[in-house]
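Step one of this worksheet: look at the structure below.
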Amino acid sequence: MSKVRNALKFSMVGTYLGKIINLLSVIVIARIMTPDELGLYAIAAALVMIVDVLKSFGVSSYLIRQKVLASDEIRSALGLNIVITSVLGIGIIAVAQPLETYYGYNDIAILLLLLSVSFFVSPFFSNGMALLARQFKFKERLQIGITAQIFEFSITVLFIMLDFSYFSMAIAVALKSLLQVLLVKIYQPTDMQWYPRFIGMKHIAKFGFFITLANLFERLSIVSNDLIIGKFGTPGMVAYFSRGLGFIDFLTATVSEGISPVTLPYLAEQKRLGHDLEPAYYQATNLLGAVLLPVLLVAGVASYPVIMLFFGDQWVQSAELVSILCLWGVFKNIHALSPSLLVITGHERHLFIRNMIMFSLTAFSVYFAFQYGLLTIAMAVTGVAFVNFIYTTLLLKFVLNFSLLNFSKSQLTNVLLCTTCFGASYLTSLLINFEEVSIFISLAILIPFVSLTWLLTLYFTKHLLLNEIKKIVGLANE
């Protein structure tokens, strides 16, 4: 476990540093660009995100999951990736102008052309990062990720200052993708291959087929909100909803992305060693939820001061959305580690079916809820997230034969954590009016009170997280 904890330490450090940089970027950009400008970029970015998930085609998961990897197999994986990403990049270029005509907004085509650049270089980056993860070299992944993020933020701000408006973000994405390849070359794993092989790809493609479709439908569930609102509403409406949902996603990623990159290699290693995955999954889910779920609930109660602090008063309309979407985040992330579990156990088909159903429900709900406003849309996607939670719980029961009773027991301490932290934040909201009191005073009272409540609950419930924290920082023995 020491190897896993060491990897987890670097992964979490990289994640939190990255999120600080990302948060700084969001705060700065939200204040120097208008909602309409950001909304237009969000439409173009959402279109690219749909096909972006196809880039890897499950190759990264394949490289991590395999028991033994020969150099020819790695070269074949690279070849498959190059074929797929090149086709996708050319496809984006081909449909750029028709999509601009469809949405009726100028410059969408140019944005799409700039965003397509990353598709032509991503295979080298994604394969390198997968091999680093397989070898638990998360220190190198940290250095690559942070360097690329600082570069992207700097380029974005520079070009905004040069009056490139929303083009600045697309230019930064393109240049960052080139830098990432260079960084992988510098920090490359020992078995990295740079020359592709275009034979022996069939079995890799077969493995990646359902994973890719599953990832595609999961991504569609997110971006369909922007695309549907963008078609029937205005760029400003897209921006407000995207900012609210994006903020919840930011909080989720801030916590889970420090753990998720280690989850797949960890579960893969446990399976290779013949260990039981059920207790490992419950423990990982319990540890992640102990941090993530209380944060989401508190953010929902304190949505007004948080949105005002991060984005400014021009985004106040997003605050009311966040108060609802926090529940979307809770239901969506109770089983946040289930995709890695299903991939490791060879149940990619079930993952694909689940994500396809949830995308269909999301698109249907957003389409019919649009006429009632953004708040109704937020409630609709939250309802779909609850259905997703129930579906996944039953999926683990009937496909992997996991015990519902054991899962419920493993989550009892997290339920108590959520209850006490929500109660503390709600009590604070009763004592002070967040919309009238200074946001700095509000948060200065809220954060220490909720943090103390969280720590005391960890202590009195003897939560697993408390001991894991001690082990990670070296205050407890293995």
Distance from [X] atom [atom1] to [Y] atom [atom2], nearest 0.5 Å?
X	Y	atom1	atom2	result
Leu292	Ile334	CG	CD1	9.5 Å
Glu140	Met129	CD	CE	10.0 Å
Leu111	Ser116	CG	OG	11.0 Å
Ile82	Arg75	CD1	CZ	10.5 Å
Met169	Ile160	CE	CD1	6.0 Å
Ser340	Leu351	OG	CG	9.5 Å

Point to revise | Derivation of the side-chain contact (heavy atoms from CB on, under 4.5 Å) call for Gln411 and Asn286 | key: CA-CA 6 Å; Gln411 298 302 306; Asn286 180 261; 4.3 Å; yes

Review point. Below 6.0 angstrom between ring centroids: does that apply to Phe359 and Phe217?
Key: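 When the ring centroids of Phe359 and Phe217 are compared, they turn out to be within the sub-6.0 Å range.
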
Exercise for review: Kindly indicate, with the supporting measurements, whether the criterion side-chain contact (heavy atoms from CB on, under 4.5 Å) is fulfilled by Val48 and Val173.
Suggested key: CA-CA 12 Å; Val48 172; Val173 170; over 6 Å; no

Is it the case that atom [atom1] in [X] sees more than 12 heavy atoms from other parts of the structure closer than 6.0 Å?
X	atom1	answer
Phe198	CZ	yes
Tyr391	OH	yes
Arg349	CZ	no

Under 4.5 Å between any side-chain heavy atoms of [X] and [Y], yes or no?
X	Y	value
Phe402	Leu395	no
Leu99	Leu112	yes
Ile324	Trp328	no
Leu179	Phe125	no
Leu220	Thr362	no
Leu400	Tyr281	no
Phe370	Ile377	yes
Leu158	Leu162	yes

Restricting to non-hydrogen atoms, name the atom on [X] and the atom on [Y] that form the minimum distance, rounded to 0.1 Å.
X	Y	result
Ala336	Leu288	CB-CD2, 3.9 Å
Ala109	Gln97	CB-OE1, 3.8 Å
Leu183	Ala148	CD1-N, 4.2 Å
Ala77	Asn127	C-ND2, 3.8 Å
Ser177	Val117	OG-CG1, 4.2 Å
Ala363	Ile228	O-CD1, 3.7 Å

Between [X] (side chain) and [Y] (backbone), is there a donor-acceptor pair under 3.5 Å?
X	Y	value
Ser410	Phe407	yes
Glu278	Ser403	yes
Ser86	Val83	no
Thr85	Phe119	yes
Gln193	Ser71	no
Glu100	Ile108	yes
Ser76	Ile199	yes
Thr147	Ile144	no
Ser318	Tyr240	yes

Exercise for review: Output all residues satisfying ring pair (Phe, Tyr, Trp, His ring centres under 6.0 Å) with Phe164, sequence neighbours left out; order by chain, then residue number.
Suggested key: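 Once residues adjacent in sequence are excluded, the partners of Phe164 under the ring pair (Phe, Tyr, Trp, His ring centres under 6.0 Å) criterion are Phe159.
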
**Study point:** salt bridge (Lys or Arg N to Asp or Glu O under 4.0 Å) against Asp191, all qualifying residues, sequence neighbours excluded
**Key:**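 Salt bridge (Lys or Arg N to Asp or Glu O under 4.0 Å) list for Asp191, sorted by chain: empty.
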
Check your understanding: Can Asp107 and Tyr166 be counted as having a side-chain donor-acceptor contact under 3.5 angstrom?
Key ->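 Short answer, yes.
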
**Study point:** Val330 and Phe386: CA distance, side-chain angles, deciding distance, side-chain contact (heavy atoms from CB on, under 4.5 Å) verdict
**Key:** CA-CA 9 Å; Val330 169; Phe386 177 73; over 6 Å; no

Point to revise | Qualifying residue, where the test is side chain to side chain donor-acceptor pair (under 3.5 Å) with Thr392 and the options are Lys332, Arg354, His335 | key: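 Of the listed options, the one satisfying the test is Arg354.
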
Exercise for review: Determine the sole option in Val181, Val184, Leu182 for which the side chain to side chain contact (heavy atoms under 4.5 Å, CB included) test with Phe124 is passed.
Suggested key: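 That would be Val181.
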
Review point. When you look at Glu152 and Ile155, which way does the side-chain contact (heavy atoms from CB on, under 4.5 Å) test go after all the steps?
Key: CA-CA 5 Å; Glu152 181 183 15; Ile155 292 297; 6.0 Å; no

